[in-house]
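So that the names make sense, note that chain A is the first sequence line, chain B the second, and so on, each numbered from 1.
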Protein chains: 2
Amino acid sequence: MSDLLERLRGRGWRMTSQRRVVAQVLDGDHVHLTADEVHARAALLLPEISRATVYNTLGELVSLGEVIEVATDGRARRYDPNAHHPHHHLVCSTCGTVRDVHPTRDPLTDLPVEERFGFTVAAAEVTYRGLCPSCTRAPAQAPA
Amino acid sequence: MSDLLERLRGRGWRMTSQRRVVAQVLDGDHVHLTADEVHARAALLLPEISRATVYNTLGELVSLGEVIEVATDGRARRYDPNAHHPHHHLVCSTCGTVRDVHPTRDPLTDLPVEERFGFTVAAAEVTYRGLCPSCTRAPAQAPA
DNA sequence: TCTTGACTTGGATTGTGTCCATCGTAGGAT
DNA sequence: ATCCTACGATGGACACAATCCAAGTCAAGA
Ligand SMILES: [Mn+2]
Ligand SMILES: [Mn+2]
Ligand SMILES: [Zn+2]
Ligand SMILES: [Zn+2]
């Protein structure tokens, strides 16, 4: 994923230590961190990085399409660097853990025109809800 | 929907004017109000009702399964009394308008066992995103 | 009518995210 | 190598949704 840094440079990004560190934290797919989690991990590498910069950088990555914002009811938004492989999410109702899943069918094809009400429909996201293995056994546990 | 009041009485609810008014505001399906919108409309009927009571009552209705909470990223949660007819949502990315939609297929059937990772999957919600007719014409408009 | 615990209230508090004035610096120009 | 400057970083104030709490109120059974 270090080609992310290349792509960003190509887009005219000024390469700062803060941005490098945020990109590094998001490295490795299948991660779904909140902004504060990103900030905490980034601060291990660059202690004085500010919350505002993490928010700024995440927002920029989102509008560049490099990161996906995942809204999980009530809780803080999660940021998903796995933006180049379309997928959906399976969320544990108890602890909030998020997993990537790949249904066999695109729900967009199942929304008939007469159910679109004149909207220009751009995308469909599916959120599967349930209990993760450990919360199935022992309800009300700490997040993974 | 006034049988809602019956059902609640049956569940041992103390019937207060505040709860009656909140139920009345949620009457009529196909409504997706925020807690503050519910509060505003309730206050027309019962001027001194407090925000805290609206939140309490909505929360109780949600855990009784009489109302569905719809999370719309960034903005305030919306409360949906159409809880007895399964459906999904079409959200305008610009103004936040929400419409009920009924896809022809349940996405749960399209998540194979090997994509469930040991979760006990209970439900699937689809959020279709796009632009409503008026935002398609004139971007950045006031909510409906 | 009396009693009591469930309910309501407003204000304080928390959690998440945005805004902004100021300072610092990456990277092109020389 | 040094200089310039526009872009980026900073932290503290701010905004907003939602929750918490201690004190007062009242629905409904006895
Ligand atoms: Mn993901
Ligand atoms: Mn609905
Ligand atoms: Zn769990
Ligand atoms: Zn719209």
Identified side chain to side chain contact (heavy atoms under 4.5 Å, CB included) partner of B:Y79 from the options B:T34, B:I68, B:V62, B:L33:
B:V62
Report yes or no: does B:R116 contribute a side-chain atom to a donor-acceptor pair with the main-chain N or O of B:L111 at less than 3.5 Å?
yes
Output yes when at least one side-chain N/O atom of A:Q18 is less than 4.0 Å from OP1 or OP2 of D:dT10, else no.
yes
Side chain of B:S93, backbone of B:L131: donor and acceptor closer than 3.5 Å?
no
Starting at atom CD of A:E48, determine the distance to atom C1' of C:dT25, rounded to an integer number of angstrom.
17 Å
Taking only the side-chain nitrogens and oxygens of B:T16, find out if one of them lies under 4.0 Å from OP1 or OP2 of C:dC7.
no
Heavy-atom nearest nucleotide on DNA chain D for A:A52 versus B:R9: which residue maps closer to 5'?
A:A52
Is there a donor N/O on one and an acceptor N/O on the other, under 3.5 Å, for the side chain of B:R14 and the base of C:dC7?
no
Determine whether any donor atom in the side chain of A:R51 lies under 3.5 Å from an acceptor atom in the base of D:dG11, or the reverse, and answer yes or no.
no
What's the CG-P distance between B:L58 and D:dT19, to the nearest Å?
10 Å
Roughly, in whole Å, what's the span from CG in A:L33 to C1' in C:dG17?
17 Å
Take B:H32 and B:H89 through the ring-ring contact (aromatic ring centres under 6.0 Å, His included) test and state the conclusion after the steps.
CA-CA 10 Å; B:H32 302 88; B:H89 291 115; 4.9 Å; yes
Nearest to the side chain of B:A76 - C:dG17, D:dT10, D:dA18?
D:dA18
Look at the side chain of B:S50 and decide which nucleotide, out of D:dT10, C:dG10, D:dG8, has an atom nearest to it.
C:dG10
B:R19 atom CZ is separated from D:dC26 atom P, nearest whole Å, by 15 Å
By nearest nucleotide on DNA chain C, pick out whichever of B:S17 and A:R77 is the more 5' one.
B:S17
B:N56 CG to C:dT9 P: how many Å, rounded?
10 Å
Can a donor-acceptor pair be found, under 3.5 Å and without considering hydrogens, that links the side chain of A:T57 to the backbone of A:V54?
no
Let me know the distance between CE of A:M15 and P of C:dA26, rounded to the nearest Å.
12 Å
Without decimals, in angstroms, what is the distance between B:L46 CG and C:dC7 C1'?
13 Å
B:I49 CD1 to D:dT25 C1', straight-line distance once rounded to whole Å
15 Å
For D:dA17, does OP1 or OP2 lie under 4.0 Å from any side-chain N or O of B:R75?
no
So what does A:D36 hit on the nucleic acid, given a heavy-atom distance under 4.0 Å: a base, only sugar-phosphate, or nothing?
nothing
C:dT18 phosphate, OP1 or OP2, under 4.0 Å from A:Y55 side-chain N/O
no
